[in-house]
Structure formats: structure tokens, C-alpha cells
Amino acid sequence: MKIVFMGTPDFAVPALQKLIDSGHQIVAVYTKEPKPAGQHLCMKYSPVYQLAEKNNLPIYTPKTFKNPEAVEAFQNLDADLGVVCAYGLILPQVILDAPKMGCWNIHASLLPRWRGAAPIQRAIEAGDIQTGITIMKMDAGIDTGDILSQEKVDITPNMTGGQLHDILSTMGADLLLQTIEAQPAPIKQPEEGIYAKKLSDEDMFLDWNMSADQVCNAIRAFAPYPGKRVYLDKIDSQNQIKIYCVEVVDISHNTKPGTAIDDKLLIACGKNAVRIQELQRSGKAKQSAHDFLNGTVVAKGTYLLGLDAIKIPKTP
RNA sequence: CGCGGGGUAGAGCAGUCCGGUAGCUUGCCAGGCUCAUAACCUGGAGGUCAUGUGGUUCAAAUCCCAUCCCCGCAA
């Protein structure tokens, strides 16, 4: 089968790799354009770009499908199927219709729950105990297409966004191949769905006013990327701390949320408290709370500046 | 040449501004105490202070120069 693959980040790599291994003909790989990034602002090629290059596949990096040349190039591939996995561009109907079988999408949730940009993080953040992969036939809406197949996975109590990402990434690749094999009949999605909001600046900072359980879920969801942050002492890039792992502690208190209840990183939340177990300071590697406390004193009563203490600069 | 932090004992850090005995916490080893502990007490080992037989100096972890490596922001 002649397949066009469209994807960009790590999440899409297993799917492309398994398609290559399966012997299907990859007629083109679409991925986001390389751009300057990293500490030295050198050109950064997406993980999908690198994999495609290694396998000598034709690579296309259009900025948009709004111009006719890009659309025509896509149509001329004469593909049987388009596979889209975290590509990062909205595809117009003319592109969705170009391959004979249309375009299929690997989505990291059980649709119609968590349509949109950040399904993995939002599922953990909401405290879901189960999520999964949906393969669907794309239509013009955002993740509203007909469902071809789904596979479930449990979210364990300590699972992080990063771990779930990796699990779903390979699960999605496997389910895609099975679905291509089986060619199941599409099933209509319910119209009502829940939307997974795109990650925003506010999501980067921890809101201590939530209950300890919610704080823990939020931290799990955002670990290790992009990370939930707080500030120690004052709002300053040198005092920024990312929290990667906490333990919920049932303890009633009348302390302002965000305040240290003891000198061992037990922090008051809106309800109960959490003990920080793993964190990272700006400019430092990730470290355990034990290591952190060996070199830094966080006295009882210290207030860790969370979301409500931070003025988010408005991004135009 | 985007902005910034860092490399000192196994780990986490101070000391660097202002050059003059290598320090702190923890871990490790040995011994003691305790019904007991992430408890306490005593003793001990463990360092080319990233690299350069680089420069300055009577003297460099500290000042100057060059190089390598790690990380945060931003994208």
C-alpha cells in the first residue's frame, strides 16, 4: 500500500518505524520544517525528519497547505492512505480527500473524550484511571472523525505523562498496523466530546490552592515535560524549581497553600498536603528531595510561589 | 555568535567578589548506646577544586587566558 506519513515529534516515531518495517511503501514523509532551536540555536530537525532521512524517504516540510503547489505535490503522490500522527498542521479537506482511502489519525485518547492538542496530559490531570488510543478517519473537525479502532490502557496511580506518552506512542503504532490490516468499518463518533485544552503558560505553574490529590495529578501529568514550576523565595529565573514527583500526605492544617509545613518539603495544599520527592532547579539536573535538602535549607514556613503569585505576561 | 546558571570527597552544596591550613550536609566504614528508629554519641576513610606540567604571583579552588562538558530559559 502506498502511504503518506505525516508527523513531527517523538510520539510519531514508532508509528513511522513500524510502517517502514511492515513493508508498506512510504511514498512521502511530511513533517514540520526544521528551525533554529536549542542552546546554540542551531537547526533542529524533528525526530520524524531524522528517521525519514535515515531511511532515505522523500521528505516534505511545507509551512502550510494553503498554496496550490503544496496541495498539488501532495495529490501527485497518488497515495492510497494518509497517516497523521501529531503532525502540527491543520489539514484542509482537499488534502484529507487526496489519498484513495482518506487520512487516518492516531489520537492519544479514547475519543470523544479529550479531543484536541494535549490529550495525554489532560487525562492524567483530570485523574482519569483509563485512557487509550483511537484510530479514526479524519474529517474537517478537530478529532471528530469516524472511529476505526480503539485500545484501552489503565493509568496507574504513579504514572507520569512521560511514561503514558511512551506507552501510547508504541500502542498507537501497533494499533495502526492492525487497523490497516483489518480495515474495520468506521463508526460515527458522538457529537458531544470533551476538549483537551492546549498547554498554556498558566499550565507551567503549580496552583497550590487545589487539593493535594489534584496537585499530585497535575504534577504527574506534566512530568517530565513541560514540568510544573514554582519559585523559591522570589520570582527570578534562578529560583525557579520544577517539581516532578510528590507524595500526597493526609494532614489537616490551617496553613496558607504553598507554605512548607516542616523543613523536609512537606507543602500545604488547598486540602491536605504533598511531600516533594523529586525536583529540578534552574540550571541543575533533576534531583531527589534528599539530595536537594543536603545542600539547601527550606525552613518551615517558607512559601513556594505558585500560580497565584505569578503574573503571567500576556502573549499577544 | 539569542539570554543565563554550573563543573570542589560516592551524592547535594559552601568557599571564588577581597589570593594565604580543603569546609558543610548526607552517604560509606568501624565502634558505642537503644525494646526500637531516616534516633543519638565517638572515631575513620574518601579531593590533581572540569581540562591546560597555560599566564600573573612568594603563594591560585579563588585573578587572567584558552578549551571541553552539563543544565535552565527561549524557540
Side-chain angles (χ1 to χ4, degrees), chain A residues 7-13 30-50 59 61-64 86-90 117-118 121 158 160-162 165 197-207 218-219 221-251 260-267 273-302 304-307 309-316:
Chain A
T8 299
D10 286 322
F11 187 80
V13 165
Y30 278 72
T31 190
K32 277 236 183 146
E33 197 185 23
K35 57 186 173 184
Q39 263 129 6
H40 308 289
L41 290 189
C42 50
M43 292 304 271
K44 173 142 194 201
Y45 295 88
S46 76
V48 165
Y49 190 106
Q50 293 174 38
I59 300 170
T61 59
K63 278 186 193 147
T64 170
Y87 178 36
L89 280 187
I90 303 272
Q121 284 88 349
N158 293 319
T160 66
H165 168 282
K197 254 192 331 183
K198 203 166 99 175
L199 300 185
S200 69
D201 289 344
E202 283 193 9
D203 288 316
M204 304 296 179
F205 296 97
L206 186 59
D207 183 0
I219 287 169
F222 287 77
Y225 180 84
K228 278 282 181 189
R229 301 120 204 266
V230 297
Y231 288 100
L232 189 61
D233 295 338
K234 57 182 176 184
I235 297 175
D236 171 304
S237 64
Q238 293 314 306
N239 285 296
Q240 194 180 76
I241 294 176
K242 278 190 203 170
I243 302 176
Y244 288 117
C245 182
V246 298
E247 180 186 36
V248 174
V249 177
D250 289 330
I251 178 175
I261 297 176
D262 65 9
D263 59 358
K264 296 223 164 58
L265 291 176
L266 181 65
I267 312 297
V274 293
R275 189 177 300 284
I276 298 173
Q277 294 183 318
E278 198 174 48
L279 55 86
Q280 178 177 29
R281 268 197 285 185
S282 180
K284 300 287 185 183
K286 196 187 323 187
Q287 57 191 184
S288 68
H290 180 262
D291 285 349
F292 174 77
L293 290 173
N294 271 342
T296 307
V297 176
V298 180
K300 179 179 174 180
T302 303
L304 301 179
L305 291 84
L307 179 63
I310 293 160
K311 288 167 193 148
I312 305 294
K314 281 185 183 165
T315 45

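None of these values were measured; they are calculated from a predicted model. First the proteins, then the strands, lettered A, B, ... as listed; each starts at 1.
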When you compare [N] with [M], how far apart are their [atom1] atoms, in angstrom units rounded to a whole number?
N: B:A60; M: B:C49; atom1: P; answer: 12 Å
N: B:C18; M: B:C64; atom1: P; answer: 10 Å
N: B:G32; M: B:G23; atom1: C1'; answer: 27 Å
N: B:A14; M: B:U25; atom1: C1'; answer: 10 Å
N: B:U56; M: B:C69; atom1: P; answer: 28 Å
N: B:C1; M: B:C63; atom1: P; answer: 28 Å
N: B:G5; M: B:C28; atom1: P; answer: 35 Å
N: B:C58; M: B:G44; atom1: P; answer: 38 Å

What form does the base of B:U48 take, syn (within 90° of 0) or anti?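 B:U48: syn glycosidic orientation.
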
Could you give the [atom1]-to-[atom2] distance, from [X] to [N], as a whole number of Å?
X: A:Asn294; N: B:A9; atom1: CG; atom2: C1'; value: 13 Å
X: A:Leu279; N: B:G72; atom1: CG; atom2: P; value: 14 Å
X: A:Leu293; N: B:A14; atom1: CG; atom2: P; value: 14 Å
X: A:Tyr225; N: B:G72; atom1: OH; atom2: C1'; value: 13 Å
X: A:Gln280; N: B:G4; atom1: CD; atom2: P; value: 20 Å
X: A:Glu33; N: B:A75; atom1: CD; atom2: P; value: 17 Å
X: A:Lys286; N: B:G12; atom1: NZ; atom2: P; value: 14 Å
X: A:His40; N: B:C3; atom1: NE2; atom2: C1'; value: 13 Å

Heavy-atom distance under 4.5 Å between the side chains of [X] and [Y], does that happen here?
X: A:Val246; Y: A:Gln277; value: no
X: A:Tyr30; Y: A:Leu89; value: no
X: A:Leu279; Y: A:Leu265; value: yes

Nucleotide of [options] approaching [X] most closely (side-chain heavy atoms):
X: A:His290; options: B:G6, B:A38, B:G12; value: B:A38
X: A:Gln287; options: B:C71, B:G12, B:C73; value: B:G12
X: A:Asp291; options: B:A11, B:G72, B:C13; value: B:A11
X: A:Lys35; options: B:A75, B:G72, B:C13; value: B:A75
X: A:Leu41; options: B:C73, B:G2, B:G6; value: B:G2

Is A:Arg281 near enough to B:G6 that one of its side-chain N or O atoms lies under 4.0 angstrom from OP1 or OP2?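 For A:Arg281, the contact criterion (side-chain N or O under 4.0 Å from OP1 or OP2 of B:G6) is not met.
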
Pairing partner of [N] (Watson-Crick or G-U wobble, both distances under 3.5 Å):
N: B:G52; result: B:C65
N: B:A45; result: none
N: B:G20; result: B:C58
N: B:G2; result: B:C73
N: B:A36; result: none

From CA spacing to verdict: side chain to side chain contact (heavy atoms under 4.5 Å, CB included), A:Leu304, A:Leu232: CA-CA 5 Å; A:Leu304 301 179; A:Leu232 189 61; 3.3 Å; yes

Using a heavy-atom cut-off of 4.0 Å across all strands, would you classify A:Lys44 as base, sugar-phosphate, or nothing?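 Touches nothing.
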
Among A:Thr61, A:Thr8, A:Thr31, exactly one meets side-chain hydrogen bond (donor to acceptor under 3.5 Å, both in side chains) together with A:Ser46. Which residue is that?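 Single pass found, and it is A:Thr31.
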
Which distance, rounded to the nearest 0.5 Å, do you find between the CZ of A:Arg229 and the CD1 of A:Ile219?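 The CD1 atom of A:Ile219 is 12.5 Å from CZ of A:Arg229, to the nearest 0.5 Å.
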
For B:G72, does the base pair up with any side-chain atom of A:Gln39 as donor and acceptor (N or O, under 3.5 Å, distance only)?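 Indeed there is one.
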
Any idea which heavy atoms bring A:Tyr244 and A:Gln280 closest together, and the distance?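 Smallest heavy-atom distance, with atoms named: OH-OE1, 2.6 Å.
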
Name the residue closer to the 5' end of RNA chain B, choosing between A:Pro226 and A:Phe292 according to the nucleotide with the nearest heavy atom.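 Mapping each residue to its closest nucleotide by heavy atoms, the 5'-most match is A:Phe292.
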
Hey, which of these two, A:Arg275 or A:Ser282, hits RNA chain B nearer its 5' end, going by closest nucleotide?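 Per heavy-atom nearest nucleotide, the more 5' residue is A:Arg275.
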
